[in-house]
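Structure, as structure tokens:
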Amino acid sequence: MSPDHPPGLDLDRLRVLLDRERPGLVTGPLSGRLIEGGRSNLTYAVSDGAARWVVRRPPLGHVLATAHDMRREHRVISALHPTDVPVPRPVLLCEDEEVLGAPFYVMEFVEGTPFRTAEQLAPLGPERTRAAVLNLVDTLVGLHAVDPAEAGLADFGRPDGFLDRQLRRWAKQLDASRNRDLAGIDELHATLGRELPRSPAPTVVHGDYRLDNVLIGGEDDKIRAILDWEMSTLGDPLTDLGLLAMYSSPLGMPDSPVSTTAQAPGHPAPAELIERYATRSGRDVSGVAWYTAFAWFKLAVILEGIHYRYTLGQTVGRGFDRIGDLVPVFIEHGLTTLQKG
């Protein structure tokens, strides 16, 4: 297919749908392109020459098992759009698989940059980088301040037993990928299980909150939109904070295939981000070490799964041969985080 007709996006069928469901929205022929960088669901930018939108759909070859993601993402951004949480304006949800071969939704196109690496952040300079990352924390505080019931999300998840289920889920994922000895990972999992904290009141949880899942733009470098809501639910808000702290920690590995922005000049340290969250949210974060260690464990499991697929010849692209070397680093960071408290 041509760049204007990427796989998984039938523009003719999409146009028919939009004309029927949103008459007058589209004023010219549609073109589309795949937005690179997605890890799971596919994201396309679509334009009629005058306006732009974004289409989100499951991966090609998708089966019904994750069709729920599209409904879930559309539901949460629809619920949050009237609040102060920056999300794209939803346009429509289509669950008719005859249109694109899978459920999908359309939302407005938001201008902005998802900063994925320290090198991308560096041109902003230390002051702007610092402000952008601190604003990431403030935006998270705003998300966690939303009353799920008032937003129509009271049944969006099962907060009771949330941390226990999360720990069991990722242990099951680990067992599905075991094909080598990983020193310390069972110790890390067992310690997390023994020291399970008591969760605060549940909130809407993003589930993958980090700098490259938001769009930053404009002269004020504000967060224009939070993206990638496929892991969102109702649960323990400190899981989002722990993940943010983990992604703000230097890995200590040059040329790592997993990039972080932590080394960018001006990037605040995790301790400052945690303190800012505590001050602005009013939540007790004294147990945040557990949540950060859990984030290290979760990412170690995800990376081990990628490494396992690489050993089976099921991955394509550069950098996969080095993913396996990262897993012990993540395990060690998790253990050290728990030991230091």
Side-chain angles (χ1 to χ4, degrees), residues 7-8 34-43 56-63 65-66 69 73 114-120 166-189 192 206-213 227-232 239-240 242-263 292-337:
L34 181 68
I35 298 177
E36 301 291 343
R39 293 165 176 77
S40 143
N41 293 321
L42 299 176
T43 306
R56 285 271 286 175
R57 60 152 292 160
L60 302 180
H62 163 77
V63 293
T66 43
D69 286 351
E73 285 194 43
F115 290 99
R116 304 184 190 283
T117 67
E119 290 72 23
Q120 288 175 333
Q166 284 283 302
L167 198 55
R168 285 189 281 112
R169 171 191 175 186
W170 291 105
K172 185 178 180 180
Q173 288 288 100
L174 174 63
D175 289 339
S177 302
R178 283 186 187 266
N179 70 339
R180 61 174 179 161
D181 290 331
L182 287 172
I185 198 159
D186 290 319
E187 177 189 352
L188 176 56
H189 174 253
L192 288 167
H206 181 272
D208 197 17
Y209 193 77
R210 49 203 167 94
L211 198 59
D212 64 335
N213 272 341
L227 307 176
D228 292 353
W229 291 89
E230 60 193 281
M231 299 180 73
S232 60
T239 54
D240 276 343
L243 193 72
L244 182 58
M246 186 215 72
Y247 274 114
S248 300
S249 304
L251 284 177
M253 285 187 69
D255 302 320
S256 164
V258 174
S259 59
T260 73
T261 57
Q263 300 284 16
T292 309
F294 172 66
W296 287 113
F297 172 73
K298 175 180 169 180
L299 263 292
V301 172
I302 291 172
L303 293 173
E304 184 62 13
I306 296 172
H307 170 71
Y308 178 61
R309 291 192 294 276
Y310 167 75
T311 64
L312 298 178
Q314 296 176 350
T315 56
V316 178
R318 294 178 299 173
F320 288 111
D321 58 326
R322 294 182 290 141
I323 291 289
D325 294 336
L326 269 179
V327 180
V329 177
F330 278 68
I331 296 170
E332 182 59 33
H333 275 294
L335 290 168
T336 301
T337 301

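From a predicted model like this one, the values you see are computed outputs, not experimental measurements.
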What is the distance from atom [atom1] of [X] to atom [atom2] of [Y], rounded to the nearest 0.5 Å?
X	Y	atom1	atom2	result
Leu188	Leu335	CG	CG	5.0 Å
Ser248	Gln263	OG	CD	11.5 Å
Glu119	Thr261	CD	OG1	10.5 Å
Arg57	Glu73	CZ	CD	13.0 Å
Ile306	Thr311	CD1	OG1	12.5 Å
Tyr310	Glu304	OH	CD	13.5 Å

Below 4.5 Å, heavy atoms only, C-beta onward: do [X] and [Y] meet side chain to side chain?
X	Y	value
Asp212	Thr117	no
Met246	Lys298	no
Leu167	Phe297	yes
Asp240	Leu244	no
Val327	Arg180	yes
Leu251	Phe330	yes
Arg56	Asp228	yes

| message | Take a 6.0 Å sphere around CG of Asp181 and say whether it holds more than 12 heavy atoms from other residues, nucleotides or ligands. | response |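 Count not over threshold, so no.
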So, for [X] and [Y], which heavy atoms are closest and what is the spacing to 0.1 Å?
X	Y	answer
Gly324	Pro328	O-CD, 3.3 Å
His307	Ile323	N-CG2, 4.2 Å
Pro58	Leu42	O-CD1, 3.8 Å
Leu192	Ala293	CD2-CB, 4.0 Å
Pro250	Ala262	N-CB, 3.7 Å

| request: Classify the angle between the aromatic ring planes of Trp296 and His333 as parallel (below 30°), tilted (30 to 60°) or perpendicular (above 60°). | output: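 If you compare the ring of Trp296 with that of His333, the planes turn out parallel.
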| said: Ignoring hydrogens and geometry beyond distance, is a side-chain donor-acceptor pair present between Thr336 and Glu332 at under 3.5 Å? | reply: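 Yes, Glu332 and Thr336 have a side-chain donor paired with an acceptor closer than 3.5 Å.
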| query | So, Asp186 and Arg178, do they make that salt bridge, N to O below 4.0 Å? | reply |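 Here Asp186 pairs with Arg178 in a salt bridge, since their nearest N and O are under 4.0 Å apart.
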| Asp208 backbone acceptor or donor facing Asn213 side chain under 3.5 Å |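 Yes.
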| Exam field: side chain His206 to backbone Leu227, donor-acceptor pair closer than 3.5 Å |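 Yes.
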| Passes side-chain contact (heavy atoms from CB on, under 4.5 Å), Trp170 versus Ile302? Steps please. | CA-CA 8 Å; Trp170 291 105; Ile302 291 172; 3.5 Å; yes
